[in-house]
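Proteins get letters first, then strands, A, B, ... in listed order; numbering begins at 1 in each. Source: prediction; values computed, not measured.
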Amino acid sequence: MSGLQRFLDTFFNAEVAARAWPDILRGLGITVGVGVAVTIAGLGLGLALAILRATQRGWLSGLIVVFVDVMRALPPLVVIIIFFFAFPLIGISMSAFTSTWLALSLVLAAYVEECLWGGILSLPRGQSEAARSTGLSWWQCMTAVILPQAFRVALPSLTNRVIAVGKNVALGSVVALSDVLNNAQSATSNAGNPTPLTMAAAAYLVIFIPVMMGARRLENRMQWRA
Amino acid sequence: MPPPPILELVSLRKSYGALDVLRGIDLRVFPGELVCVVGPSGSGKSSMLRCCNRLEQSTGGQVMIDGVDITRPDVDINAVRQQIGMVFQQFNLYPHLTVLGNVTLALRKVQGKGSVEADTLGLAALERVGLADKARAYPAQLSGGQQQRVAIARAVVLQPKLMLFDEPTSALDPETVGEVLKVMKQLRDAGMTMLVVTHEMGFARAAADRVIFMDAGAIVEQGPPAEVFGAPKHERTRAFLARFTGEG
Ligand SMILES: Nc1ncnc2c1ncn2[C@@H]1O[C@H](COP(=O)(O)OP(=O)(O)OP(=O)(O)O)[C@@H](O)[C@H]1O
Ligand SMILES: [Mg+2]
């Protein structure tokens with residue numbers, strides 16, 4: 001058997017693939033499901049936190065900063081473990097799906113808040129002054145003038161964070177979440193052949209490359225500075 | 001009896017902590033008047049202007065707009081601000097909106113006008129500053145002078161009773177100063193009431209009905225431009241103007 005043959009047999013074994021693909025597909029569904037749910041919740045919560053912080057109430061900003069720093073300092077794995085294993089001790093049990101989703105959403109929210117807040121701070125004060133001088137309320141100024149610009153500034157780092165946290169869905173395996181990587185690992189051990197891992201890698205490419213392409217298109221579209 | 005003033009400042013005070021920036025300003029601006037404010041850096045010109053639409057909170061005295069004291073906490077400040085246009089040194093156009101989007105934002109958001117009506121009004125305002133053909137451009141595609149004219153249109157479109165200008169030409173290349181001053185003169189000729197902080201002494205001399213000289217948070221001297229520039233009564237005014245013409 002030639003080297004190439006051995007390589008293909010090890011990593012692209014059709015027989016193993018045929019047996020593994022239902023598990024891989026199911027795992028893919030879980031990974032995408034958790035990933036999308038985390039992205040939506042994380043973006044939403046992070047946005048809400050950034051807006052709250054912009055109200056410039058000292059104690060509120062303080063709380064938000066503490067939350068953001070804690071969530072960025074803790075390894076996401078630890079947060080998942082806390083929700084799954086520690087919360088039942090105080091009477092709150094959740095599924096592997098829920099604890100992974102909740103933990104990663106909070107982590108993503110912390111990063112999103114930080115990115116958007118940075119974007120807000122980067123805008124000249126004159127932007128809100130001009131808007132307020134024409135009679136826009138604080139909220140109208142926020143939604144029509146500040147946030148669209150802050151979002152554009154933050155977009156590249158937001159994309160990075162969404163992708164990074166999305167890949168962390170695989171950490172859910174620690175609480176037996178049947179995500180694509182977890183399923184691929186099981187299938188790999190069962191078959192004694194890493195082809196399922198190759199399939200998982202392909203699945204990640206299929207998921208994330210469109211996300212990156214979409215983000216790049218969005219960035220280009222928002223390039224209003226001539 | 002003269003018409004009541006559109007803007008009246010009554011012993012207006014402003015301090016930042018221990019720093020008194022405005023030490024009791026009394027000023028009336030009447031309908032159709034163009035009043036220029038000159039004075040050295042740090043004399044409180046911007047602070048005074050920004051108290052007139054409460055971008056800055058005064059710490060004493062009154063700001064009367066059309067007879068209403070807008071420093072009172074129960075005043076609907078967003079409604080008041082639509083009657084007071086403001087033009088900034090740095091233009092402060094919204095970079096993510098087109099020129100027309102900049103001009104129509106408050107019409108749509110605050111006055112709830114539909115986009116067709118807002119666009120019609122916006123284009124008319126752009127026409128007044130000679131930039132209707134740039135309606136679809138973005139601010140970054142315009143020269144400084146054009147951007148400032150858009151900023152003027154953004155204020156004018158709300159049909160304010162009073163326009164505040166804070167050094168509208170100070171950030172401009174010399175060759176585009178003229179086009180902005182020309183638009184301001186046209187506004188004035190159309191009857192707009194204007195309070196203009198400026199270092200353009202030529203403009204103040206030619207276009208102002210009245211010139212105010214401020215120093216150290218107080219109005220030192222005021223009068224028709226010919227008087228203030230031609231025969232200043234106060235030593236400080238003379239010193240300021242001498243330095244200015246010396247520089248120019
Ligand atoms: N936010 C602030 N906090 C503290 N001091 C301030 C603040 N804004 C302005 N000042 C001070 O108030 C004084 C008056 O400032 P102001 O901007 O009104 O002057 P100005 O006449 O407009 O000057 P310029 O010609 O440089 O624009 C200055 O001494 C300035 O340092
Ligand atoms: Mg100033």
Legend entry - Side chain / backbone / both / neither for B:Leu164 at chain A, heavy atoms under 4.5 Å: neither
Inset, instruction - Give a yes or no on this: more than 12 heavy atoms of other residues, nucleotides or ligands lie within 6.0 Å of atom CD of B:Gln186. - result: yes
Inset, instruction - Count the heavy atoms belonging to other residues, nucleotides or ligands that lie under 6.0 Å from CZ of B:Arg108, then report whether that count exceeds 12. - result: yes
Legend entry - Residues of residues 130-142 of chain A near chain B, each having a heavy atom less than 4.5 Å away: A:Ala130, A:Ala131, A:Arg132, A:Ser133, A:Thr134, A:Gly135, A:Leu136, A:Ser137, A:Gln140
Legend entry - Within residues 40-50 of chain A, residues adjacent to chain B where the heavy-atom gap is under 4.5 Å: none
Inset, instruction - Below 4.5 Å from any heavy atom of chain A, which atoms of B:Arg54 appear? Answer side chain, backbone, both or neither. - result: neither
Inset, instruction - Using a heavy-atom cutoff of under 4.5 Å, enumerate the residues of residues 121-128 of chain A that contact chain B, numbered in order, or state 'none'. - result: A:Arg125, A:Gly126, A:Gln127
Inset, instruction - Return the minimal non-hydrogen interatomic distance between A:Ala144 and B:His96, and the atom names on each side. - result: O-NE2, 2.9 Å
Inset, instruction - Under 4.5 Å, heavy atom to heavy atom: which of residues 207-217 of chain A reach chain B? Give them by number, or say none. - result: none
Inset, instruction - Answer yes or no: are there more than 12 heavy-atom neighbours, outside B:Lys109 itself, under 6.0 Å from its atom NZ? - result: no
Legend entry - Between B:Ile84, B:Asn78, B:Asn53, the one whose heavy-atom pairs under 4.5 Å with chain A are most numerous: B:Asn78
